Amino acid sequence: MEEETFPQEDIETIVKNAITSTLSDHLYNPKKVNDWINTIVDACLKELQSLNRPFKYVVTCVIMQKNGAGLDTGTALFWDTSKDGLVCIPWENPTMHVIITVFGAALNVDNPSELD
């Protein structure tokens, strides 16, 4: 049953590692934001896949310069709350805000060996 539950703690660790390894020493630079986003999302997806859990994942990333502007986000989901899940990780440094969201939709597979 453990292999079928949404791995929230593992995902939080994966996302935090991807953010810090990509952004820890950087100041906001609009010319680098797209590359940073791609690096973070790709790293997350690669590590999520290595968990070998029966989920399809969607990773979103928002990087915003700290300049006093507001940012509001919202999500509406229609899914199986007993199997599916999401993790939202905020991160910031003195020059930027980052929000990573990982959605996991459980695959309904009667025989997990069919995933191999």
Side-chain angles (χ1 to χ4, degrees):
M1 185 67 177
E2 174 69 23
E3 292 298 315
E4 295 178 9
T5 60
F6 184 71
Q8 182 165 341
E9 296 81 15
D10 294 337
I11 293 172
E12 289 174 359
T13 300
I14 288 168
V15 171
K16 288 175 184 176
N17 289 342
I19 294 170
T20 56
S21 68
T22 304
L23 298 176
S24 63
D25 297 328
H26 293 287
L27 300 177
Y28 181 83
N29 181 339
K31 293 178 181 176
K32 294 185 178 182
V33 168
N34 284 337
D35 290 336
W36 291 337
I37 289 172
N38 289 333
T39 299
I40 292 168
V41 170
D42 289 346
C44 289
L45 287 172
K46 181 180 177 185
E47 291 298 315
L48 290 167
Q49 184 179 14
S50 74
L51 294 175
N52 291 321
R53 297 285 185 89
F55 289 90
K56 287 189 177 186
Y57 298 101
V58 175
V59 179
T60 66
C61 178
V62 175
I63 297 178
M64 180 179 166
Q65 182 178 16
K66 276 190 178 178
N67 62 5
L71 173 66
D72 297 308
T73 64
T75 303
L77 305 165
F78 180 74
W79 62 10
D80 184 346
T81 56
S82 68
K83 294 182 180 179
D84 305 328
L86 74 89
V87 176
C88 185
I89 305 290
W91 182 89
E92 64 182 78
N93 72 13
T95 64
M96 65 182 119
H97 295 284
V98 179
I99 302 171
I100 308 289
T101 306
V102 178
F103 301 88
L107 298 173
N108 292 321
V109 178
D110 293 331
N111 185 357
S113 66
E114 292 177 4
L115 294 174
D116 295 332

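Quick caveat: nothing in here was measured; it's all calculated off a predicted structure.
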Fill in the blank from the handout: Heavy atoms of A69 and N67 approach each other most closely as N-OD1, 3.1 Å
Completion exercise
Here the salt bridge (charged side-chain N to carboxylate O under 4.0 Å, His left out) pairs for residues 58-82, sequence neighbours left out, are K66-E92
Let me check something: any side-chain donor-acceptor pairs from residues 11-21 under 3.5 Å, sequence neighbours excluded? List them with distances.
residue, atom, partner, partner atom, Å
E12, OE2, Q8, NE2, 3.2
T13, OG1, E9, O, 3.2
N17, ND2, T13, O, 3.3
T20, OG1, K16, O, 3.0
T20, OG1, N17, O, 3.3
S21, OG, N17, O, 3.0
S21, OG, A18, O, 3.3

Practice task
Could you note down all residue pairs passing side-chain hydrogen bond (donor to acceptor under 3.5 Å, both in side chains) where residues 40-49 supplies at least one of them, sequence neighbours left out?
Solution key: none
Problem - Atom pair CD1/CD1 of I99 and I89 - distance to nearest 0.5 Å - result: 11.0 Å
Exercise for the section: Flag the pair W36 / V33 as yes when at least one side-chain heavy-atom distance between them is below 4.5 Å, and no otherwise. Expected result: yes
Exercise for the section: May I ask you to decide if L27's main-chain N or O and T95's side chain share a donor-acceptor pair within less than 3.5 Å? Expected result: no
Exercise for the section: Treating Ile, Leu, Val, Met, Phe, Trp and Tyr as nodes and any side-chain heavy-atom pair under 4.5 angstrom as an edge, say whether V58 and L77 lie in one connected cluster. Expected result: yes
Exercise for the section: Kindly indicate whether the side chain of T73, heavy atoms from C-beta on, has any atom under 4.5 Å from the side chain of T101. Expected result: no
Practice task
Indicate if V41 and I100 have the same hydrophobic cluster label, given that clusters are the connected sets of ILVMFWY residues with side-chain heavy-atom separations under 4.5 angstrom.
Solution key: yes
Completion exercise
Interatomic distance, OG1@T81 vs CG@L86, rounded to 0.5 Å, equals 11.5 Å
Problem - Rounded distance (nearest 0.5 Å) linking atom CD1 of I37 with atom OG1 of T22 - result: 11.0 Å
Problem - Pairwise side-chain contact, Y57 with C44, heavy-atom cut-off 4.5 Å (strictly under) - result: no
Practice task
Output yes when a side-chain donor or acceptor of R53 lies under 3.5 Å from a complementary backbone atom of T5, and no otherwise.
Solution key: yes
Practice task
Go through the steps for Y28 and N93 under the test side chain to side chain contact (heavy atoms under 4.5 Å, CB included), then give the verdict.
Solution key: CA-CA 9 Å; Y28 181 83; N93 72 13; over 6 Å; no
Practice task
Going by the side chain to side chain contact (heavy atoms under 4.5 Å, CB included) test, name the single residue among F103, F78, F6, W79 that passes it with D84.
Solution key: W79
Practice task
Report the distance from atom CH2 of W91 to atom OG of S24, rounding to the nearest 0.5 Å.
Solution key: 7.0 Å
